Amino acid sequence: VSFRCEDLQQALGEESPERLREAEAHAETCDACWEELALWREISAAAPSLRREWETSTLWPRIQTDLIAERVQSPARRRPGTVGWLSLAAALLAAVSAAVFFVGPRPQRIDHADAERRLLTEEALAQVERSEAAYIESIERLAKTAQPLLEAHASPLLVSYREKLMVIDAAIAECRGRIETNRFNAYLRRELLSVYREKQRTLEDLMREDKNAL
Amino acid sequence: LQSSENAGIESDLSAFEALFQSHGARMKSLALNMLGNRADAEDAVQEAFLKLYRSRGNFRGEASPSTWLYRILVNTCYDMGRKRRRHPEDPEIDDKDFSPAPAIDHPLRLTLQKALGRLPARQRDVFLLFEVEGFKHAEIGTILGIPEGTSKSVLFDAKHALQGFIRDERRATRAS
């Protein structure tokens, strides 16, 4: 069967090795098809170079914090109607349990599942705090790197960066203050990380700015 | 890996970490090519893991957990792209952001990157998944929610369109 120029597109679409061999044989004698086939293969050869890799030591800690915070929140979310104050106490978690105990009716006996859930939550909290600490430390290192740049110039652009960072730091301080009063509040912890994320973005933008523009 | 992935769906944090170790780099790369910048790509990966965790109860095992994770990631990228009004035809990928430089560079890379931004989203995504990230058509079908045959024909259309863009670019370069 003779291979014609108009068969080339179909052969490329089918991707059958046999048809491609026929196309190659034809291309040996046809410049237009040779060029078409070569470019087709060049695209496939170049495609893997679009794959990008970069190190992000902070990404897993961020994900881990999210997952643990979700785990902390989820018992209450999954079982909204379960036995009154007991599930509420589980949601508010063990650290504040002493106070809650005296407000609500005391259960007849300790529920083992609930006790396990509290232990898990305390352990989870410790993991969250470790992950947060690693993430926050990396951002503070970035802030130290950016500090000389912030101090060395006084352009309007730089002033706006300074002001934005001040606002972010104030938000961080407020968020931290609220967390101090309720360490188990996963929502607040997410808020804190999201503010830190904004700080990270701002610092990265600052570092990317053209030094002359500053 | 399969067993660790399944364990991951059972909400074991260490299995999620194994998933991240196995797929995190490829997920970041895919998200970067879809969203155009590193910070958004990392946010998308983070969001995808959280969504996987939240929806693990809905996992029915029709696909592998990792394929499911990529499906979540692609949908997250669509959502983020819409919310942040990024322009796919103007990707902001900056080579300075990457250290070290891509291990496998190619003279056609920049042209291809530019041309990809001009493809319809579906063609771009099938191309990225197949040619860049090395997925099979069956997996792409699951990730994008399309039949395997459609994935093949969309890839053909994508490469055909890319050929056209690259030819035009080369003609313009020769003319100038």
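The chains referred to below are lettered A, B, ... by the order of the sequence lines, with proteins before strands, and numbering in each begins at 1. Remember, predicted model here, so these are calculated numbers, not experimental data.
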Reported CG-to-CG distance for the pair B:L112 and A:L50, which is rounded to 0.5 angstrom:
5.0 Å

Given a strict heavy-atom distance threshold of 4.5 Å, which part of B:D43 is in contact with chain A: side chain, backbone, both, or neither?
both

Determine, step by step, whether B:F127 and A:I43 satisfy the side chain to side chain contact (heavy atoms under 4.5 Å, CB included) criterion, reporting the C-alpha distance in whole Å, the side-chain angles of both residues, the deciding distance to 0.1 Å, and the verdict.
CA-CA 10 Å; B:F127 183 87; A:I43 289 171; 3.6 Å; yes

Check whether any side-chain N or O of B:S29 sits under 3.5 Å from a backbone N or O of A:R52 as a donor-acceptor pair, and report yes or no.
yes

The interface call for B:L162 against chain A, heavy-atom contacts under 4.5 Å, is both

Tell me whether A:D66 is salt-bridged to B:R54, with the criterion being a basic N under 4.0 Å from an acidic carboxylate O.
no

Under 3.5 Å, side chain of B:Q163 to main-chain N/O of A:E36, donor-acceptor pair present?
yes

Those residues at least two apart in sequence (or on a different chain) that pass ring-ring contact (aromatic ring centres under 6.0 Å, His included) with B:F130 are B:H137

More than 12 heavy atoms of other residues, nucleotides or ligands under 6.0 Å from CD of A:E6: yes or no?
yes

Taking all non-hydrogen atoms of both residues, which atom of A:L59 and which atom of B:E42 are closest, and how far apart?
CD1-O, 3.6 Å

Distance col, row B:R167:CZ vs A:L39:CG, nearest 0.5 angstrom, shows 5.5 Å

Let me know if B:F20 has heavy atoms under 4.5 Å from chain A in its side chain, its backbone, both or neither.
side chain

Shortest non-hydrogen separation from A:L67 to B:F49 and the atoms involved
CD2-O, 3.8 Å

Those residues of residues 142-150 of chain B, ordered by number, that approach chain A below 4.5 Å (heavy atom to heavy atom):
none

Show every salt bridge (Lys or Arg N to Asp or Glu O under 4.0 Å) that has at least one partner inside residues 126-144 of chain B, sequence neighbours left out.
A:R51-B:E133, B:E131-B:K159

By salt bridge (Lys or Arg N to Asp or Glu O under 4.0 Å), A:E35 pairs with (sequence neighbours left out) none

I want to know whether B:F156 and A:W40 have ring centres closer than 6.0 Å.
yes

Using a 4.5 angstrom heavy-atom cutoff, name the option from B:E47, B:H160, B:K152 with the most pairs to chain A.
B:H160

Quick one: closest heavy-atom pair of B:L108 and A:A46, and the distance?
CB-CB, 3.7 Å

Heavy-atom neighbours of A:R178 CZ exceed 12 at 6.0 Å:
no

In terms of heavy-atom proximity below 4.5 Å to chain A, should B:A41 be classed as side chain, backbone, both, or neither?
side chain

